[in-house]
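Bear in mind that the values here come from a model prediction, so they are computed numbers and not experimental data. Atoms within each ligand, like the ligands themselves, are counted from 1 in listed order.
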Amino acid sequence: MFKVGLIGCGNMGEAIVKGLSRKIKSTDIIVSDINPERVEYMVEKYNVAGSSSNRRVVENSEIVILAVKPKDLEETVSPINDSFKGKVVVSVLAGISIPKLKNLMKDSFIVRAMPNTPALVGEGAIGVSFENDSPEIKEKIIDLLSSLGTVVEVDEKLMDVVTGLSGSGPAYVFMFIEGLIQGGIKGGLSYNQSRELAVQTVLGAAKMLKETGEHPSILRDKVSSPGGTTIYALHRLEEKGFKDAVISAVEEATKRSKELSK
Ligand SMILES: NC(=O)C1=CN([C@@H]2O[C@H](COP(=O)(O)OP(=O)(O)OC[C@H]3O[C@@H](n4cnc5c(N)ncnc54)[C@H](OP(=O)(O)O)[C@@H]3O)[C@@H](O)[C@H]2O)C=CC1
Ligand SMILES: O=C(O)[C@@H]1CCC=N1
């Protein structure tokens with residue numbers, strides 16, 4: 001019996017497997033995907049077990065992680081829904097509610113998680129909701145997911161905003177970093193110099209927030225020397241509606257997550 005079975009070896013599935021292999025032996029993980037080459041890739045790269053059969057993955061695993069796209073959920077689960085009996089199923093599908101999952105896999109325990117791709121390096125942000133308050137299952141799942149990064153239990157009603165904030169959030173940050181890099185290049189730095197400086201600036205700022213617990217506006221003010229460079233840049237960002245754009249991005253992704261749940 002494998003500890004974890006994962007269906008859907010795409011971007012998120014790969015990040016999850018890489019992250020989990022920090023906590024459990026890779027040989028305790030079995031994966032499947034509709035594309036045999038994805039399974040072969042995962043077996044080769046992460047030394048996990050692989051199968052062409054979703055059913056085999058489910059039947060031979062204690063915990064099953066679903067990492068297919070929301071549109072593929074029914075075709076993935078319906079043909080094998082009997083195999084989920086007695087299993088703990090962790091769905092990472094955006095917008096798909098616990099009741100909807102329960103309806104498809106009646107005799108299983110449903111967990112809804114919203115991770116993100118930094119799980120690949122063990123620095124993910126993972127929102128999680130449970131179908132009920134079973135202490136044993138909660139402890140086991142939170143311990144397992146903690147290998148992917150920081151786990152935050154939320155009421156399922158807030159899962160859409162978790163998706164909009166941290167599920168999709170890495171993409172917003174990558175776009176911001178791209179802008180920093182291009183700003184450096186515009187000023188004459190090479191791509192590599194700009195990338196090195198931009199990535200460390202974001203990493204350092206995030207680490208400062210994490211370790212000081214300070215409000216971002218306090219730390220932002222500490223950078224803004226009176227009459228200096230930063231306040232001119234911040235004024236420009238305000239003129240361009242930077243913060244409004246970020247808030248709207250989270251709102252849009254949250255809205256889309258709600259649409260996916262219909
Ligand atoms: N990417 C991210 O940052 C995050 C994604 N998620 C969620 O994770 C899920 C996967 O997303 P992502 O990894 O980006 O998507 P991908 O398309 O990269 O991965 C999904 C994989 O599942 C395969 N698949 C489709 N149908 C089946 C099936 N019936 N049986 C087995 N495998 C199947 C797909 O094959 P094919 O391509 O041929 O369809 C694909 O290889 C989504 O529900 C998404 O909402 C959650 C948080 C973050
Ligand atoms: O874009 C998506 O739908 C998935 C869910 C959150 C991040 N990626």
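- Remark: the Ser190 side chain and the Gln193 side chain contain an N/O donor-acceptor pair separated by less than 3.5 Å.
- At a 4.0 Å heavy-atom cut-off, ligand 1 touches Ala67 through the backbone alone.
- Contact of the Leu73 side chain with the Leu66 side chain is registered, since non-hydrogen atoms from C-beta on lie closer than 4.5 Å.
- At a threshold of 4.5 Å between non-hydrogen side-chain atoms, the residues Val152 and Val128 do not count as touching.
- Among protein heavy atoms, atom 7 (C) of ligand 2 sits closest to Gly167 O, 3.3 Å.
- At least one N or O atom of Asn11 sits closer than 3.5 Å to an N or O atom of ligand 1.
- Every N/O-N/O distance between Ser32 and ligand 1 stays at or above 3.5 Å.
- At a heavy-atom distance under 4.0 Å, no atom of Thr163 approaches ligand 1.
- Those atoms of ligand 1 with a heavy atom of Gly8 less than 4.0 angstrom away are 21 (C), 22 (O).
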Show me the donor-acceptor pairs within less than 3.5 Å that the side chains of residues 219-233 make with the rest of the protein, sequence neighbours left out.
{"unit_1": "Ser224", "atom_1": "OG", "unit_2": "Arg220", "atom_2": "O", "d": "3.1"}
{"unit_1": "Thr230", "atom_1": "OG1", "unit_2": "Val223", "atom_2": "O", "d": "3.4"}

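- At a 3.5 angstrom cut-off on N or O pairs, Ile34 counts as close to ligand 1.
- Among Ile65, Ile126, Ile96, Thr76, the residue whose heavy atom lies nearest to atom 28 (C) of ligand 1 is Thr76.
- Distance alone, capped at 3.5 Å, is enough to place a donor-acceptor pair between the Ser108 side chain and the Met105 backbone.
- Checked by atom type and distance alone, the side chain of Ser168 never pairs as donor or acceptor with a backbone atom of Gly164 at under 3.5 Å.
- Remark: ligand 1 atoms within the under-4.0 Å shell around heavy atoms of Met114 are 46 (C), 47 (C).
- At under 3.5 Å, a nitrogen or oxygen of Asn54, whether backbone or side chain, sits near a nitrogen or oxygen of ligand 1.
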**OP:** Take Glu62 and Lys87 through the test salt bridge (charged side-chain N to carboxylate O under 4.0 Å, His left out) and record every step on the way to the result.
**Re:** CA-CA 6 Å; Glu62 290 168 32; Lys87 304 292 179 182; over 6 Å; no
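- Considering only non-hydrogen protein atoms, atom 17 (O) of ligand 1 sits nearest to Lys69 NZ, 2.6 Å.
- Considering backbone and side-chain N/O of Pro115, none are found under 3.5 Å from N/O of ligand 1.
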Side-chain atoms of residues 91-101: list all donor-acceptor pairs with protein atoms under 3.5 Å, sequence neighbours left out, distances to 0.1 Å.
{"unit_1": "Ser91", "atom_1": "OG", "unit_2": "Leu93", "atom_2": "N", "d": "3.2"}
{"unit_1": "Ser97", "atom_1": "OG", "unit_2": "Lys100", "atom_2": "N", "d": "3.1"}

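- For ligand 1, none of its N or O atoms has an N or O atom of Thr117 under 3.5 Å away.
- Within ligand 1, counting atoms from 1 as listed, the ones closer than 4.0 Å to a heavy atom of Ala94 are 43 (O), 45 (O).
- At least one side-chain heavy atom of Tyr172 sits less than 4.5 Å from a side-chain heavy atom of Val250.
- Inter-residue side-chain proximity for Ile65 and Ile7 is flagged as unmet; no heavy-atom pair is nearer than 4.5 Å.
- Residue-ligand proximity, Pro70 to ligand 1, at heavy-atom distances under 4.0 Å covers atoms 42 (C), 43 (O).
- Residue contact check: Leu93 has heavy atoms under 4.0 Å from atoms 43 (O) of ligand 1.
- For the pair Phe130/Glu153, a side-chain contact is recorded, criterion being any heavy-atom separation below 4.5 Å from C-beta on.
- Protein heavy atom in closest approach to atom 43 (O) of ligand 1: Val68 O, 2.7 Å.
- Of the protein's heavy atoms, Asp72 OD2, 3.6 Å lies nearest to atom 25 (C) of ligand 1.
- Summary of contacts: the protein heavy atom closest to atom 3 (O) of ligand 2 is Ala94 CB, 4.3 Å.
- The protein atom (non-hydrogen) at minimum distance from atom 2 (C) of ligand 2 is Ser168 OG, 4.8 Å.
- A salt bridge is absent between Arg56 and Glu59: the closest approach of a Lys/Arg side-chain nitrogen to an acidic carboxylate oxygen does not fall below 4.0 angstrom.
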